[in-house]
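Owing to the predicted nature of the structure, the values given are computational and were not obtained by experimental measurement. Order of the sequence lines fixes the chain letters, A, B, ..., with proteins taken first and strands second; residue numbering starts at 1 for each chain.
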Amino acid sequence: MSDARDGLTPAGPLEVGGVHLATPVMAASGTFGFGTEVPLCDRRALGGMVCKGIFLEPRAGAPPPRIVETPSGMLNAIGLQGPGVETVIREYAPLWATWPFPVLVNLNGETVEEYAELAARLDGVAGVSGLEVNISCPNVERGGMLFGQDPDLAAAVTAAVRVRTRLPVWVKLTPAAGDISAVARACEEAGADALCAVNTFVGMALDVRTGQPRLGFRTGGLSGPAIRPLAVYLAHRVAQAVRIPVIGIGGITRPEDALEFLLAGCRAVQVGTATFVDPNAIGRVVEGLRRRSTPDGAPPGHRLRPA
Amino acid sequence: MSDARDGLTPAGPLEVGGVHLATPVMAASGTFGFGTEVPLCDRRALGGMVCKGIFLEPRAGAPPPRIVETPSGMLNAIGLQGPGVETVIREYAPLWATWPFPVLVNLNGETVEEYAELAARLDGVAGVSGLEVNISCPNVERGGMLFGQDPDLAAAVTAAVRVRTRLPVWVKLTPAAGDISAVARACEEAGADALCAVNTFVGMALDVRTGQPRLGFRTGGLSGPAIRPLAVYLAHRVAQAVRIPVIGIGGITRPEDALEFLLAGCRAVQVGTATFVDPNAIGRVVEGLRRRSTPDGAPPGHRLRPA
Amino acid sequence: MHDLQAPLVGRRRVARDAFVLGFRAGPIAREVRAGQFVNVLLRPGPLLRRPFSVHRTEGEIVELVLRAVGEGTGRLLELREGDRVGLLGPLGRGFALDPSAGRVTLVSGGLGVAPMPMAARQARAMGLHVCWVHGARTAADLCSEWEGDEICWATEDGSRGVRGTALEAVPEPAGQVLACGPLPMLAALARRWPEAQVAVETVMGCGTGVCLGCAVPLTSGVYTRACTEGPVYRAGAVAWERLPAPAHAGWET
Amino acid sequence: MHDLQAPLVGRRRVARDAFVLGFRAGPIAREVRAGQFVNVLLRPGPLLRRPFSVHRTEGEIVELVLRAVGEGTGRLLELREGDRVGLLGPLGRGFALDPSAGRVTLVSGGLGVAPMPMAARQARAMGLHVCWVHGARTAADLCSEWEGDEICWATEDGSRGVRGTALEAVPEPAGQVLACGPLPMLAALARRWPEAQVAVETVMGCGTGVCLGCAVPLTSGVYTRACTEGPVYRAGAVAWERLPAPAHAGWET
Ligand SMILES: Cc1cc2nc3c(=O)[nH]c(=O)nc-3n(C[C@H](O)[C@H](O)[C@H](O)COP(=O)(O)OP(=O)(O)OC[C@H]3O[C@@H](n4cnc5c(N)ncnc54)[C@H](O)[C@@H]3O)c2cc1C
Ligand SMILES: Cc1cc2nc3c(=O)[nH]c(=O)nc-3n(C[C@H](O)[C@H](O)[C@H](O)COP(=O)(O)OP(=O)(O)OC[C@H]3O[C@@H](n4cnc5c(N)ncnc54)[C@H](O)[C@@H]3O)c2cc1C
Ligand SMILES: Cc1cc2nc3c(=O)[nH]c(=O)nc-3n(C[C@H](O)[C@H](O)[C@H](O)COP(=O)(O)O)c2cc1C
Ligand SMILES: Cc1cc2nc3c(=O)[nH]c(=O)nc-3n(C[C@H](O)[C@H](O)[C@H](O)COP(=O)(O)O)c2cc1C
Ligand code: FES
Ligand code: FES
């Protein structure tokens, strides 16, 4: 597996952290459902997708309102509504097995053991190409982001998942970590195959006419173009801290946004909120990367000079 | 001194952390120079101002480019260019002494002792109404934000400043702290009279045509509307963690943005980037707060119900 | 589902501050059913799309009705003829008309008129008798256009028709009831006609079923997606007390 | 300094892709001096204002010249007559003309024409002889308008006037030199005429002197503010090797 910083990724197929991607641009968890919902997306452009986060058991999710728009961004507090792992195995995985791009399952738990159990259940399931361990969800009462703020807890979750599956294990990091490099290194040492940086930033918005939070869960996670400069910085720090590949996430809308993450040291990227605005956002990002590629397949920028 | 969460602040004069403000809306450090530069600002609306951050000695600042616009925000890496404390005492303080609103000096150091020395030099200087201890600047090689990420270091700076001055001591916090509540409590215990939340968020932007950072300092601090939901959340957490007043900062542009921070538990606010866009942004925020005040002088919202 | 760049081709005022905007979008106009919506992208404009019920279609033209309540609706009403917006749709599940009902009553409060002209036309095309009951605050707020066989007005101040809400003006027997309007009106309607079909509004992230942002709580305990399982629900199925009105973005909106 | 809402009142093309926009803004038109700029606010539009040299004034009208290079300039060129922008100005220090110089040479590369018509008029009003040397890539990129007593053209491809840069086309003796254009041209000019006055471009945050974002490094080692101490500098005072061109915002810009 080549180092993220060894060269730039072309728009073509590549292998990242044990997963064979059709292009370097993937659909981010929670913004592409289970892959059956967005008919207008150009699926040939899709490098791969991460399904909506799941727990062992079905979950109702957070009370509405669940979304608030903010300047160039949105807060969400979905609360990981979704079917449990059994439905995923029974209803979605068989479909995914027929698709031309890999699907990773986004794993969530309230305890280390729940993550491990999920990993075990998904091991060997046809249609599941990898696991994205979500230790960064800001919208649950227990677990989620708490695991991602502490290097020891992050390592514990990663290690527990690692020993229960032969699937590639990616770990999705939270910007709320005091030292994201330390968490990244801890996950790498615990056996992660790749790191995803980053999940949403915790935020809050109040209704000035009632004085109450505008989200049912009170706080939510900020995504969209507003966070891009913060996410590029964090993804860059993570890429500098580890040798495993990094997948950049946060506010990617245009082809050049994706390239910014690649230049910052990421090996692939995920697109989230942009898909809400343009169901074919990923198609357009990949098309832009392709059009701008130099003849040898590498994008036109240079690698980021180390500081 | 009344608790920030005891009631809402009207648009009129009030006392916050030992400083008598003309209104609850102040000019944020680094966005209003030394108070002599922005002729179009309605000075009757100005609750007070914090001058550009200074060190003991004059500083050249960071290499250009120093500013990059991002979606609904901007990254800056000014690097605390400015005159040293002597110039401030000799040239600006005498002017400030004649102004109808209080001026606080934003203090910066590379060591605890430098902060303490600055505090001592400014103690008793006519025209200086308080000190804002900046342990949150992301754009300097040493000091700055590093002090604000660790509760012990934050407390050390606060305590050192506290013993060297009789002036009100406000401490300005960084969102980069892993646990901002812990830093806030440490500053409160070390003798801070008020806390300012928050300074800018570290970010980065790359030029996709060269692959290099768009800022001369490589990274910068994100400000503007993009960060507002993040800042409201952090200011709210700080207000819940301490008994001293909190001054909310981050992305305030409209009157309702200011009210959002007040509803979140802040006693006053500071306006930064908005002044770049509209030199009279503060005048308009105060005007809006006034127009919307209910007859008893309190804004129309209710206080945020505890979680 | 289509994603089109659609030019504004017409605009008319139909009530105080309320306007019908017509966009040329043939593929959507041909497919859309009453109660479905389109998700509108404005550039420059707010980040997310804004959902609007399809009000009427006229050949290739898709009509929306709206009032300025915030940035998106404000910008929509500033558009000039020829300006283009992105239209994604048709989205959601519309009204299911029962041809055997004989009579259908459309109940609309305020801008809840939005899906009714299409519903009236589809019902009449099926041979149903259409009674439209429309309420608003005052006569000036009533929509000046209507379709169907009968119209009943209601105003809070009694300045036109019955004094009271649309609900109070519904002539019995109502037959099949379709409704759209403010949440309190729909909740009251659900108590009277649990079998009524109601179109609800929620904040939406995507409009296509992927974000789970548009949650509508059902009495069965689950959340469903307004953009996919809705926006039309059986009135009695919705847990109205757990469905909040969208919070306010600011003072000005 | 004034902060006005100024309507667009005219627009004309003066070179390939380059347009002059006229805004009605009497108070600014009356005060502005050659080399000063205005800071333009667009709503909807990017967060920050965009600085532009004042190109000419005509009575109450302030003219700017620009080409679309990004979001702000793109939106400016989409404006229709009557649309308003925020104009803050006049800002900065303009050219200081020396009435005793006898002769003044204006050197402009590409859109560096911006401050020259005003400079030409002010110089002639002082009785100076004005020679304007204007260079661009090709004849189509040259600005079609000029003022002064003499004009010399230069194009990189030789399609009009001297083949080469504006700098190479300057007739000697140049007298007092005022210049505006790409950084490499200004740096070269500084070596030949250290006493020349040059108008430089930097990224700006505020335009009013408070943000320190517009730093221009001087050979003396300090940074100065382009918006306040500049944008006009003595060419020999600027540390050109430490003054970067503004970085690119993306591929499309
Ligand atoms: C399926 C559906 C159909 C709709 N049909 C119509 C219609 O035909 N005509 C019409 O005028 N409006 C309709 N709405 C509501 C319309 O989408 C909102 O008024 C609009 O999104 C507000 O955008 P804004 O930018 O102007 O306001 P914002 O500044 O975003 O918000 C202003 C106010 O509107 C509320 N709001 C924001 N988004 C929504 C939303 N999705 N639904 C309800 N309220 C919202 C906010 O909470 C706030 O109080 C519909 C909504 C849905 C979900
Ligand atoms: C004092 C001054 C006077 C100017 N006069 C003129 C003029 O008369 N005519 C004209 O066309 N342009 C002029 N400029 C440059 C003009 O301000 C920029 O081209 C404009 O801000 C770009 O905005 P945008 O949103 O279109 O581009 P963006 O999307 O912001 O950026 C597009 C490109 O322009 C660069 N850029 C951004 N801001 C500036 C800036 N302040 N200065 C230079 N480059 C920038 C970016 O780095 C990028 O490469 C002047 C700049 C200054 C500082
Ligand atoms: C509505 C919504 C739901 C999300 N759900 C999940 C999730 O279930 N699991 C997860 O790891 N991330 C989730 N995310 C985070 C995204 O995958 C992504 O990290 C984030 O939105 C930043 O990328 P963006 O700015 O491109 O949206 C969600 C984001 C949004 C907006
Ligand atoms: C150009 C610029 C310079 C700044 N300089 C300082 C400074 O010297 N000291 C400081 O404490 N904060 C400084 N700040 C941070 C602001 O005071 C404020 O905390 C931040 O910009 C967030 O508020 P805003 O979104 O309203 O701008 C600076 C911000 C900007 C944009
Ligand atoms: S709006 Fe996204 S799922 Fe309904
Ligand atoms: S642009 Fe802000 S100081 Fe010059």
Side-chain angles (χ1 to χ4, degrees), chain B residues 27-41 51-53 58-82 205-210 212-216 220 223-226 251 253 272-280, chain D residues 1-5 39-51 70-72 86 88-89 91 183 200-218 220-228 238-253:
Chain B
S29 178
T31 66
F32 213 73
F34 293 90
T36 55
E37 292 89 347
V38 189
L40 297 179
C41 176
C51 79
K52 174 71 192 163
R59 273 173 73 101
R66 290 179 172 183
I67 284 182
V68 162
E69 188 169 335
T70 67
S72 297
M74 58 175 275
L75 289 169
N76 89 77
I78 308 300
L80 290 168
Q81 171 178 340
L206 302 181
D207 181 331
V208 295
R209 294 194 257 198
T210 64
Q212 297 307 316
R214 293 179 62 197
L215 289 171
S223 65
T253 304
T273 303
T275 293
F276 299 165
V277 179
D278 172 5
N280 191 32
Chain D
M1 198 190 305
H2 304 274
D3 184 9
L4 307 172
Q5 286 296 311
N39 218 355
V40 180
L41 180 65
L42 291 153
R43 286 294 175 268
L47 176 66
L48 297 174
R49 289 175 184 260
R50 295 290 186 265
E71 187 189 351
L88 182 69
L91 300 170
L183 285 184
V200 304
E201 291 186 6
T202 64
V203 178
M204 289 191 170
C206 65
T208 56
V210 287
C211 76
L212 309 181
C214 57
V216 172
L218 300 191
S220 66
V222 304
Y223 289 112
T224 62
R225 296 168 296 183
C227 69
T228 306
V238 175
W240 296 100
E241 71 292 352
R242 293 195 290 127
L243 181 62
H248 289 294
W251 276 325
E252 319 303 339
T253 56

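With a threshold of 4.5 angstrom between heavy atoms, D/Arg242 approaches chain B through N, CA, C or O but not through any side-chain atom. Looking at B/Pro225, the atoms closer than 4.5 Å to chain D (heavy atoms on both sides) all sit in the side chain, from C-beta outward. Contact annotation for D/Leu212: both backbone and side-chain heavy atoms come within less than 4.5 Å of a heavy atom of chain B. Residue B/Ala62 touches chain D through its backbone alone, counting heavy-atom pairs closer than 4.5 Å.
In this structure, a donor-acceptor pair under 3.5 Å is present between the side chains of B/Thr273 and B/Ser223.
Your options are D/Cys211, D/Ala215, D/Ala245, and the one with the most heavy-atom pairs under 4.5 Å with chain B is D/Cys211.
Here B/Glu69 does not pair with D/Arg49 in a salt bridge; the nearest charged N to carboxylate O distance is not below 4.0 Å.
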Throw together a table of side-chain donor-acceptor distances under 3.5 angstrom for residues 201-209 of chain D, partners on residues two or more places apart or in other chains.
none

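Under the side-chain contact (heavy atoms from CB on, under 4.5 Å) rule, D/Val238 has a single partner from D/Thr224, D/Leu183, D/Leu243, which is D/Leu243.
Under the salt bridge (charged side-chain N to carboxylate O under 4.0 Å, His left out) criterion, B/Arg214 pairs with no residue, sequence neighbours left out.
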